[in-house]
Amino acid sequence: MSNLPARKLRAGILGATGTVGQRFISLLESHPLFVVHTLGASARSAGQTYGQVVRWKVNVPFTSVVGDLVVQPCEPDRFRDCDVIFSGLDSSVAGEIETAFLKADLAVLSNAKNHRMAPDVPLIVPTANPEHLAVVQHQRARHSLKRGFLVTNANCSTTGLVVVLRALQDAFGPMSHVIVQTMQAVSGAGYPGVSSLDILDNVVPLIDGEEEKMESEVAKILGSVLPDQSGFQHLENTVVSATCNRVAVIDGHTECVSVKFARSAVAADGSQLPPPSVAEVRRVLAEYTSEAQLLQCVSAPKHPITVADRPDRPQPRLDRDTHGGNSVTVGRIRPCPVLDLKFTLLVHNTVLGAAGSSILNAELAVAKGVLKPLDD
Ligand SMILES: NC(=O)C1=CN([C@@H]2O[C@H](COP(=O)(O)OP(=O)(O)OC[C@H]3O[C@@H](n4cnc5c(N)ncnc54)[C@H](OP(=O)(O)O)[C@@H]3O)[C@@H](O)[C@H]2O)C=CC1
Ligand SMILES: N[C@@H](CC(=O)OP(=O)(O)O)C(=O)O
């Protein structure tokens, strides 16, 4: 990896007690570039040690070093000596707090939905659209910042989908139609989230606001950076329809996807290209690589997409941790009698779908020289 800093970057975590915050701590525990330095949460937790307040749900324990840190209020001054800030804040407060951190010239990588669609905020899924990081320079100029920035990652269901769509779009051209049905894990709703009486022995066919986020975020992520790098050209001719369900799985969102390629529509002159074959699609997905692999980012999965060999995969319990939870597993690739092609994918919602993407985005920012230690 290029631009390796002389020392580990000190990481602040906002929302450190939450589901995503805990995943940050777990993934950063022995990270070669970042070290957990300052933890922040609400007034309910601030002033007490992390060990006292956290209701830890990750199946690997946290260290005593982290457990002894005193949780801070989420105010920029408390995080002044952090080189990088990871945010897992609840969206009811993330908007204002992250803006305050940006204005304080801090480098923020957020999971929250609040700033995702802002015109000068890169919305980056690291193995799908890392090139969108280029807009950080314009963002800095607009806010008169020296080193700060605000980069968000996507909704967890969007994340799994766009990695696969990007691979298909690069190989076979744009898609005109994408239809997706999700089966989303309960950890996606945070803690304590959905009550057991609602979810056990049940499927809940509504996740408030989720479908709209999926439908709009795909267009920004699969779009391009404007030639002057001041923002983004959203994809205009790909229609996405999402239906989202909550299921009794702890981690891992499963998505059933059907797509139609623009090339298979009949052109004005009557010409028409056939849709890609299942064999071609399998090969393209299995061979797909992103800039995260080229730049040798330490958390980059060996394969951004893992094509399942067995006909009854992917399954959340068996496949969510593939390549550390940063690879999207795809299976059941087959022709679709309505659109062109259909398949099932699985994304780990709190790793690649949340904290893992933020960390990989930070690694990309280091590799591209956008994120440096405070004293550099
Ligand atoms: N879970 C997932 O799979 C995904 C979540 N996200 C997004 O990531 C963010 C975090 O989600 P998740 O971890 O699930 O949520 P949780 O509800 O589990 O955690 C929320 C965190 O925000 C903190 N918080 C709440 N209110 C305040 C406040 N007023 N001031 C400071 N901190 C506050 C909480 O602190 P305290 O404990 O002190 O109350 C807690 O640390 C959300 O924006 C969510 O939409 C994105 C993708 C996937
Ligand atoms: N809504 C997602 C998780 C989430 O918080 O998404 P977002 O960050 O887009 O609000 C889920 O419940 O699985």
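We count ligands from 1, going down the list as the structure has it; atoms in each ligand are counted the same way.
- Within a 4.0 Å radius of atom 2 (C) of ligand 1, the protein contributes one or more non-hydrogen atoms.
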* Residues Glu29, Ser26; criterion side-chain hydrogen bond (donor to acceptor under 3.5 Å, both in side chains); working and verdict -> CA-CA 5 Å; Glu29 209 62 278; Ser26 184; over 6 Å; no

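- In this structure, Ala94 falls outside the shell of residues with a heavy atom less than 4.0 angstrom from ligand 1.
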* To do: Just do the salt bridge (Lys or Arg N to Asp or Glu O under 4.0 Å) check on Lys213 and Glu210 with the steps written out, would you?
  => CA-CA 5 Å; Lys213 279 181 283 183; Glu210 194 81 351; 3.5 Å; yes

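- The local environment of CG in Leu197 is sparse, with at most 12 non-hydrogen atoms from other residues, nucleotides or ligands closer than 6.0 Å.
- Backbone and side-chain nitrogen or oxygen atoms of Asn155 are examined, and one is located within less than 3.5 angstrom of a nitrogen or oxygen of ligand 2.
- The protein heavy atom nearest to atom 4 (C) of ligand 1 is Val20 CG2, 3.7 Å.
- Other residues, nucleotides and ligands contribute only 12 or fewer heavy atoms inside 6.0 Å of the NZ atom of Lys103.
- Here the shortest heavy-atom pairing between Cys297 and Leu360 reads CB-CD1, 3.6 Å.
- Of the candidates Met214, Lys213, His253, Lys213 brings a heavy atom nearest to atom 7 (P) of ligand 2.
- Using a non-hydrogen distance threshold of 4.0 Å, Lys113 does not register as a contact of ligand 1.
- Within 6.0 Å of CZ in Arg263 there are more than 12 heavy atoms belonging to other residues, nucleotides or ligands.
- Checked for salt-bridge contact, Asp375 and Arg7 meet the test: a charged N lies under 4.0 Å from a carboxylate O.
- Atoms of ligand 1 found under 4.0 Å from any heavy atom of Thr17 (numbered from 1 in listed order, with element): 34 (C), 35 (O), 36 (P), 37 (O), 38 (O), 40 (C), 41 (O).
- In summary, the side chains of Thr99 and Glu96 do not present any donor paired with an acceptor at a separation below 3.5 Å, with no hydrogens or angles considered.
- Of the N and O atoms on the side chains of Asn114 and Ser91, not one donor lies less than 3.5 Å from an acceptor on the other residue.
- Among protein heavy atoms, atom 38 (O) of ligand 1 sits closest to Ser45 OG, 2.5 Å.
- Residue-level proximity to ligand 1 for Ser187 is carried by the backbone, the only part with a heavy atom below 4.0 angstrom.
- Near Ala112, meaning under 4.0 Å from any of its heavy atoms, are these atoms of ligand 1: 43 (O).
- Close approach of ligand 2 to Glu210 is summarised as follows: ligand atoms under 4.0 Å from at least one heavy atom of the residue are 1 (N), 2 (C), 11 (C).
- Looking at Thr182 and Ser157, their side chains never bring a donor and an acceptor atom within 3.5 Å of each other.
- Judged by distance alone, the side chain of Asn245 and the main-chain N or O of Met183 form no donor-acceptor pair under 3.5 Å.
- Every N/O-N/O distance between Ile207 and ligand 2 stays at or above 3.5 Å.
- Here is the list of ligand 1 atoms found below 4.0 Å of a heavy atom in Gly188: 1 (N), 2 (C), 3 (O).
- Geometrically, ligand 1 and Gly18 share a nitrogen or oxygen pair separated by less than 3.5 Å.
- Closest to atom 4 (C) of ligand 2, if we only count protein heavy atoms, is Gly188 O, 3.9 Å.
- Contacts between Thr19 and ligand 1, counted as non-hydrogen atom pairs separated by less than 4.0 Å, involve both the backbone and the side chain.
- Counting heavy atoms closer than 4.0 Å to ligand 2, residue Cys156 contributes side-chain atoms (C-beta onward) but none from N, CA, C or O.
- Ranking the protein heavy atoms by distance from atom 33 (C) of ligand 1 puts Ser42 CB, 3.6 Å first.
- Taking all atoms of both residues into account, the shortest heavy-atom contact from Pro122 to Val136 is CG-CG2, 4.1 Å.
- For atom 21 (C) of ligand 1, the nearest protein heavy atom (residue, atom name, distance) is Gly88 O, 3.7 Å.
- Each of the atoms 3 (O) of ligand 1 lies under 4.0 Å from some heavy atom of Thr350.
- Protein heavy atom at the shortest distance from atom 29 (N) of ligand 1 is Val93 CG1, 3.3 Å.
- Counting heavy atoms of neighbouring residues, nucleotides and ligands inside a 6.0 Å radius, atom CD1 of Ile250 does not exceed 12 of them.
- In the vicinity of Asn111, heavy-atom distances shorter than 4.0 Å reach the ligand 1 atoms 7 (C), 8 (O), 46 (C).
- Side-chain N/O atoms of Lys220 and Ser216 include no donor and acceptor closer than 3.5 Å.
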* **salt bridge (Lys or Arg N to Asp or Glu O under 4.0 Å) evaluation trace for Asp208 with Arg246** => CA-CA 11 Å; Asp208 224 5; Arg246 185 76 69 198; over 6 Å; no

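- When hydrogens are left out, the protein atom nearest atom 43 (O) of ligand 1 is Leu89 O, 2.7 Å; that is the closest non-hydrogen contact.
- Here atom 13 (O) of ligand 2 lies nearest to Gln184 when heavy atoms of Lys113, Glu217, Gln184 are compared.
- Ser187 approaches Asp251 most closely through the heavy-atom pair OG-OD1, 2.7 Å.
- The distance criterion of under 3.5 Å between nitrogen or oxygen atoms is met by Tyr191 with respect to ligand 1.
- For ligand 2, the atoms lying closer than 4.0 Å to a non-hydrogen atom of Arg116 are 7 (P), 8 (O), 9 (O).
- Under the 4.5 Å side-chain heavy-atom criterion for Ile, Leu, Val, Met, Phe, Trp and Tyr, Leu222 and Leu352 are members of the same hydrophobic cluster.
- The nearest protein atom to atom 47 (C) of ligand 1, hydrogens excluded, is given as Gly353 O, 3.3 Å; this is a heavy-atom distance.
- Ranking protein heavy atoms by distance to atom 12 (O) of ligand 2, first place goes to Arg246 NH2, 2.4 Å.
- Between Ala128 and Arg166 the shortest heavy-atom distance is O-NH1, 2.7 Å.
- With a 4.5 Å cut-off on side-chain heavy atoms, Thr49 and Asp68 do not count as touching.
- If you look at Asn111 next to ligand 2, the close heavy atoms, those under 4.0 Å, all belong to the backbone.
- Listed by atom number, the atoms of ligand 1 under 4.0 Å from Ala354 heavy atoms are 47 (C), 48 (C).
- Considering backbone and side-chain N/O atoms, Arg116 never comes within less than 3.5 Å of an N/O atom of ligand 1.
- Heavy-atom contacts of Arg44 reach the following atoms of ligand 1: 25 (C), 26 (N), 39 (O) (cutoff under 4.0 Å).
- For atom 45 (O) of ligand 1, no protein heavy-atom neighbour is found at a distance under 4.0 Å.
- Among protein heavy atoms, atom 23 (C) of ligand 1 sits closest to Gly15 CA, 4.1 Å.
- Atoms of ligand 1 found under 4.0 Å from any heavy atom of Ala41 (numbered from 1 in listed order, with element): 31 (C), 32 (N), 35 (O), 38 (O).
- Counted by atom type alone, Thr38 and Gln72 present zero donor-acceptor pairs between their side chains at under 3.5 Å.
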